[in-house]
Number of protein chains: 2
Amino acid sequence: MSDDATAEEITLGRIETEVALLMRLGEATRRATGTAEHRVLDRAAYVILRHLDKAGPQNVSALAARLNLDGSTVTRQVSAMHRDGLIARTPDPADGRGTVISPTPAGLQRMAAVQAARTRLYGDILANWSPDDRGTLADLLHRLNEALDARNRPR
Amino acid sequence: MSDDATAEEITLGRIETEVALLMRLGEATRRATGTAEHRVLDRAAYVILRHLDKAGPQNVSALAARLNLDGSTVTRQVSAMHRDGLIARTPDPADGRGTVISPTPAGLQRMAAVQAARTRLYGDILANWSPDDRGTLADLLHRLNEALDARNRPR
DNA sequence: CGCTCATAGCTGTATGATACAACTGAATTA
DNA sequence: TAATTCAGTTGTATCATACAGCTATGAGCG
């Protein structure tokens, strides 16, 4: 690394650092906070329920594509969730190969509980942030995710 | 979820959502981008090298504590890195039980390469962001990490 | 000194999330 | 209709991680 880094490169390096750190801390937080809510609904199940809730019932492939996961991963995740009564599977009327996955009321309830717990956690963590900073963080994270997603998807 | 959520609660929910999403996308990006740089240095090794580089040589326990990882995890990670010549282990002169881990030149070089690749990636992803927004993102992520860390550490 | 207890690190073993490859059966197309 | 593509599943492998149990060293106390 020569030291002719521009201010912009430094900023990018900082973002890189902080995202890497956030991944690690997020993992750790998820584990540490797993006293109650998290153990009953693992990361992937939560994200799947969130997506079903927002985007509506859909089949395994659609889910996999949307979540950047392999179909087999989603299959297993979904079958575990089915075993636990969190989702329902109905044959896709339009395609005999497909199965449509939809959240059950129990699933939605579980999702909401985890969401509430996490929201509470963030309220705690960001207790002394100004509403303004919180809003800006939410906005920028959203834009970052959009950008990452755009980069990932058009493979 | 009753709908008496305050604006603040909504913001927290958004942050929660975006962080969860970022974790997923970050994973996916790491995997997808793994064409060259990432396959030679996995996530944990990278973070360990970064930390050694910044905070200086230290023993396994210190690393584990700092990274919120179990000692056994770090042991294995470190021994893989040792096998690959990325770090050196010297007996701790002050404590016969301990081993001090330090990055080798090869390790630092590898780390720098990954870092550069990631920085480039972010430059690409955030190509059309204003310098201002990038700076703000870096700042807020930093503060978020500090807050998460503070929450995690004082166990 | 010689116990006893705490600590550093390692190894065994288990779990969870993930991918890739191979397969089955249904849909689409030539 | 035969060939091809696609949806979903199952087999198998990998990786990161944790927890429990072990060994050896260090520290404090009688």
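Remember, predicted model here, so these are calculated numbers, not experimental data. Throughout, a chain's letter reflects where its sequence line sits, starting with A, and its residues are numbered from 1.
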Give the rounded distance in Å between these two atoms: [atom1] of [X] and [atom2] of [N].
X        : N      : atom1 : atom2 : result
B:Asp70  : C:dG9  : CG    : C1'   : 11 Å
A:Leu63  : D:dG8  : CG    : P     : 9 Å
B:Asn59  : D:dA24 : CG    : P     : 20 Å
A:Met23  : D:dC15 : CE    : P     : 18 Å
B:Ile101 : C:dC10 : CD1   : C1'   : 12 Å
A:Gln77  : D:dT9  : CD    : P     : 13 Å
B:Asp84  : D:dC15 : CG    : P     : 11 Å
B:His82  : C:dC10 : NE2   : P     : 11 Å

**Fill in**
By nearest-nucleotide position on DNA chain D, the 5'-leaning member of A:Val60 and B:Leu69 is A:Val60
Give one of base, sugar-phosphate or nothing for [X], where a contact means two heavy atoms less than 4.0 Å apart.
X       : answer
B:Asp92 : nothing
B:Gly96 : sugar-phosphate
A:Ser79 : nothing

**Item:** Donor-acceptor pair present, B:Arg76 side chain and C:dG9 base, under 3.5 Å
**Value:** no
Between [X] and [N], does any side-chain N or O lie under 4.0 Å from OP1 or OP2?
X       : N      : value
B:Arg89 : C:dC10 : yes
B:Thr75 : C:dG9  : no
B:Ser72 : D:dA18 : no

**Request:** Would you indicate which nucleotide in C:dA26, C:dA19, D:dT17 comes nearest to any side-chain atom of A:Arg97?
**Result:**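 It is C:dA26.
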**Request:** Test A:Ser72 against A:Asp70 for side chain to side chain donor-acceptor pair (under 3.5 Å), laying out the working first.
**Result:** CA-CA 5 Å; A:Ser72 65; A:Asp70 189 83; 2.6 Å; yes
**Asked** Hey, does the side chain of A:Arg110 reach the backbone of A:Leu86 with a donor-acceptor pair shorter than 3.5 angstrom?
**Response** no
**Prompt:** CZ of B:Arg134 to OG of B:Ser130: how many Å apart, nearest 0.5 Å?
**Reply:**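 With rounding to 0.5 Å, CZ (B:Arg134) is 8.0 Å from OG (B:Ser130).
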**Message:** Show, in sequence, the C-alpha distance, side-chain angles and deciding distance for B:Arg118 and B:Tyr122, and conclude whether the side chain to side chain donor-acceptor pair (under 3.5 Å) test is met.
**Reply:** CA-CA 6 Å; B:Arg118 291 195 183 181; B:Tyr122 279 103; over 6 Å; no
**Complete:** The single option from B:Val60, B:Thr99, B:Asn59 that satisfies side chain to side chain contact (heavy atoms under 4.5 Å, CB included) with B:Asp92 is B:Asn59
